[in-house]
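Counting starts at 1 for both ligands and their atoms, following the listed order.
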Amino acid sequence: MSIPRALTIAGSDSGGGAGIQADLKTFQELDVFGMSAITAITVQNTIGVEKVYPLPPEASAEQISAVGSDIGVDALKTGMLFNAEIIEQVAGQIASFGWRNVVVDPVMIAKGGTSLLLTEAIQAMKEHLLPLALIITPNIPEAEVLSGIQIRTMEDRREAAKRISEHGARTVVIKGGHDQGERVIDLLYDGCVFTELAGRRIETKHTHGTGCTFSAAIAAGLAKGLTVEQAVEEARAFIQAAIEDTLELGQGHGPTNHWAYCRRRVQVW
Ligand SMILES: Nc1ncnc2c1ncn2[C@@H]1O[C@H](COP(=O)(O)OP(=O)(O)OP(=O)(O)O)[C@@H](O)[C@H]1O
Ligand SMILES: Cc1ncc(CO)c(N)n1
């Protein structure tokens, strides 16, 4: 039996907590062989993003083509795509390989406020990428942009999920990290049924890269043959442990602990 293989198509975070670096660490921890197609290089640490150097759009397409045609891809995730040209190249490759296990994390803005997706690229994301998504994982501000709905209540979130699914994403998970309250609730909509996945909200400023890690863990689960619901459940357990067992790195929003989930499982056994 060959090892499950997952690809991340995303930006590089020099700080190691988000982007490609978070994704590959997550794949490794979840026993999946990780590959990458880098879309942009960010100069970044826990304090913020200083600079973004987008790569030429064809660089994304060529990296995807190189690994897809040789090693093979059981599941993939997209993260920071930055501009419309990169989105079009990435979507074109996903469609031409016919990949189905596609997790789209519609990364738009970094914690410090730097834009990781140009405003004019939002339409390209809706048009080219959302129809290819098995799962899309917006946070609340991203769900507002993609749906055109201002989200205040859980009812607003349900309406936003419906609107986003109309663009073709089969499953929408609107994450609750940006909400308030003792419980953090991720809302899953499969085009028919809503499921609320709730957990304890951890009081911490070290949440850099939570969305990247969560979507990478979902892709790892899909690569291993889990169902969408199972993959999302495991990703929630992974991110919960990663936030809980904080590493306390850096002066700003530090990274999460990618070892925590698997270390805990080993201790239980
Ligand atoms: N304080 C917290 N306690 C527990 N779980 C959290 C917390 N913050 C986020 N999460 C979980 O982490 C995952 C990512 O959610 P979040 O809304 O933070 O994504 P995001 O804003 O895209 O992340 P980022 O932009 O930092 O990568 C979700 O499963 C969410 O429930
Ligand atoms: C490269 C990169 N991707 C995604 C995010 C969002 O967390 C980030 N800060 N940096």
Side-chain angles (χ1 to χ4, degrees), residues 8-24 26 36-55 77-82 86 103-117 135-146 151 157 173-188 195-218 231-246 250 252-258 260-261:
T8 168
I9 305 168
S12 164
D13 168 13
S14 49
I20 289 280
Q21 288 78 358
D23 298 342
L24 291 177
T26 305
S36 64
I38 300 183
T39 56
I41 295 173
T42 69
V43 178
Q44 186 172 181
N45 58 22
T46 66
I47 299 165
V49 179
E50 265 173 49
K51 257 186 171 176
V52 173
Y53 294 99
L55 294 182
K77 68 150 279 187
T78 65
M80 173 187 179
L81 298 175
F82 194 64
I86 295 176
V103 183
V104 172
D105 181 8
V107 171
M108 293 185 188
I109 296 175
K111 284 232 153 57
T114 306
S115 178
L116 302 178
L117 179 74
I135 309 178
I136 183 165
T137 61
N139 60 25
I140 289 176
E142 291 158 356
E144 290 184 328
V145 169
L146 292 173
I151 300 176
R157 251 210 262 183
V173 179
I174 303 185
K175 300 169 293 189
H178 293 245
D179 206 355
Q180 310 282 320
E182 278 178 17
R183 318 240 342 125
V184 56
I185 301 171
D186 295 342
L187 177 72
L188 187 150
T195 310
E196 290 183 13
L197 303 159
R200 183 176 72 85
R201 182 179 299 278
I202 303 148
E203 273 311 317
T204 175
K205 64 172 183 167
H206 299 303
T207 54
H208 175 59
T210 48
C212 304
T213 302
F214 178 67
S215 54
I218 298 175
V232 173
E233 286 281 359
E234 176 156 60
R236 277 201 49 81
F238 189 95
I239 193 64
Q240 187 83 16
I243 300 171
E244 247 162 32
D245 292 3
T246 179
H253 295 288
T256 66
N257 181 345
H258 292 93
Y261 177 68

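With hydrogens left out, the protein atom closest to atom 27 (O) of ligand 1 is Gly211 N, 2.9 Å, a heavy atom. What sits closest to atom 21 (O) of ligand 1 on the protein, heavy atoms only, is His178 NE2, 2.6 Å. Here the protein heavy atom with the shortest distance to atom 5 (N) of ligand 1 is Val184 CG1, 3.5 Å. For atom 9 (N) of ligand 2, the nearest non-hydrogen atom of the protein is Gln44 OE1, 2.8 Å. What sits closest to atom 30 (C) of ligand 1 on the protein, heavy atoms only, is Asp186 OD1, 3.6 Å. Summary of contacts: the protein heavy atom closest to atom 5 (C) of ligand 2 is Leu116 CD1, 3.5 Å. Counting only heavy atoms of the protein, atom 8 (N) of ligand 1 lies nearest to Gly177 CA, 3.9 Å. At the shortest separation from atom 12 (O) of ligand 1 among protein heavy atoms lies Ile239 CG1, 3.6 Å. Scanning all protein heavy atoms for the shortest distance to atom 10 (N) of ligand 1 gives Ile243 CD1, 3.7 Å. Thr210 OG1, 3.0 Å is the protein heavy atom nearest to atom 18 (O) of ligand 1.
Ligand 2 lies nowhere less than 4.0 angstrom from a heavy atom belonging to Ala40. Within the structure, the closest approach of Ala18 to ligand 1 does not fall below 4.0 Å when heavy atoms are considered. Heavy atoms of His253 stay at 4.0 angstrom or farther from ligand 1. For His208, the heavy-atom gap to ligand 2 drops under 4.0 angstrom. The closest approach between any non-hydrogen atom of Gly209 and ligand 1 is below 4.0 Å. Under the 4.0 angstrom criterion for non-hydrogen atoms, Cys212 is in contact with ligand 2.
For the pair Gln44 and Leu116, the minimum side-chain heavy-atom distance is 4.5 Å or more. Annotation: side chain of Asp186 is not in contact with side chain of Leu188 (no heavy-atom distance under 4.5 Å).
The distance criterion of under 3.5 Å between nitrogen or oxygen atoms is met by Arg236 with respect to ligand 1. In terms of polar-atom proximity, defined here as any N/O pair under 3.5 Å, Lys175 does make such a contact with ligand 1.
With a 4.0 Å heavy-atom cut-off, ligand 1 is reached by no atom of Ile185.
Using modelled atom types, no side-chain atom of Asn257 and backbone atom of Ala242 make a donor-acceptor pair closer than 3.5 Å. Counting only distance, with no hydrogens or angles, the side chain of Asp23 and the backbone of Thr26 share no donor-acceptor pair below 3.5 Å. Between the Glu144 side chain and the Ile151 main chain, a donor and an acceptor come within less than 3.5 Å of each other. Using modelled atom types, one side-chain atom of His206 and one backbone atom of Gly254 make a donor-acceptor pair closer than 3.5 Å. Side chain of Ser115 to main chain of Leu117: a donor-acceptor pair is present (N/O by atom type, distance under 3.5 Å, no hydrogens or angles). Under a 3.5 Å cut-off, the side chain of Arg157 and the backbone N or O of Ile174 do form a donor-acceptor pair. Of the possible donor and acceptor atoms, one in the side chain of Thr42 sits under 3.5 Å from a partner among the backbone N and O of Ser12.
Numbered from 1 in the order shown, with element, the atoms of ligand 2 that lie under 4.0 Å from a heavy atom of Ser12 read 1 (C). The contact set between ligand 1 and Thr207, taken as ligand atoms under 4.0 Å from a residue heavy atom, comprises 26 (O). Contact atoms of ligand 1 toward Arg201: 1 (N), 3 (N) (distance under 4.0 Å to a heavy atom of the residue). Atoms of ligand 1 lying under 4.0 Å from at least one heavy atom of Cys212, given by number and element, are 27 (O). Annotation for ligand 1: atoms under 4.0 Å from non-hydrogen atoms of Arg200 are 3 (N), 4 (C).
Using a 3.5 Å distance cut-off with no hydrogens or angles, the side chains of Tyr261 and Glu234 do pair a donor with an acceptor. Side-chain contact annotation: His208 with Thr256, donor-acceptor N/O pair under 3.5 Å absent.
Distance check, rounded to the nearest 0.5 Å: OG1 of Thr210 to CD of Gln240 gives 11.5 Å.
Considering Lys111, Arg183, Met80, Gln240 only, the shortest heavy-atom separation from atom 26 (O) of ligand 1 involves Lys111.
A salt bridge is defined here as a Lys NZ or Arg NE, NH1 or NH2 lying under 4.0 Å from an Asp or Glu carboxylate O, and Arg201 with Asp179 fails to meet this definition.
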**Prompt:** Step by step, would you call Leu197 with Val232 a side-chain contact (heavy atoms from CB on, under 4.5 Å)?
**Reply:** CA-CA 9 Å; Leu197 303 159; Val232 173; 3.5 Å; yes

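Applying side chain to side chain contact (heavy atoms under 4.5 Å, CB included) to Ile136 and the options Asp105, Val103, Leu146 leaves one that passes, Leu146.
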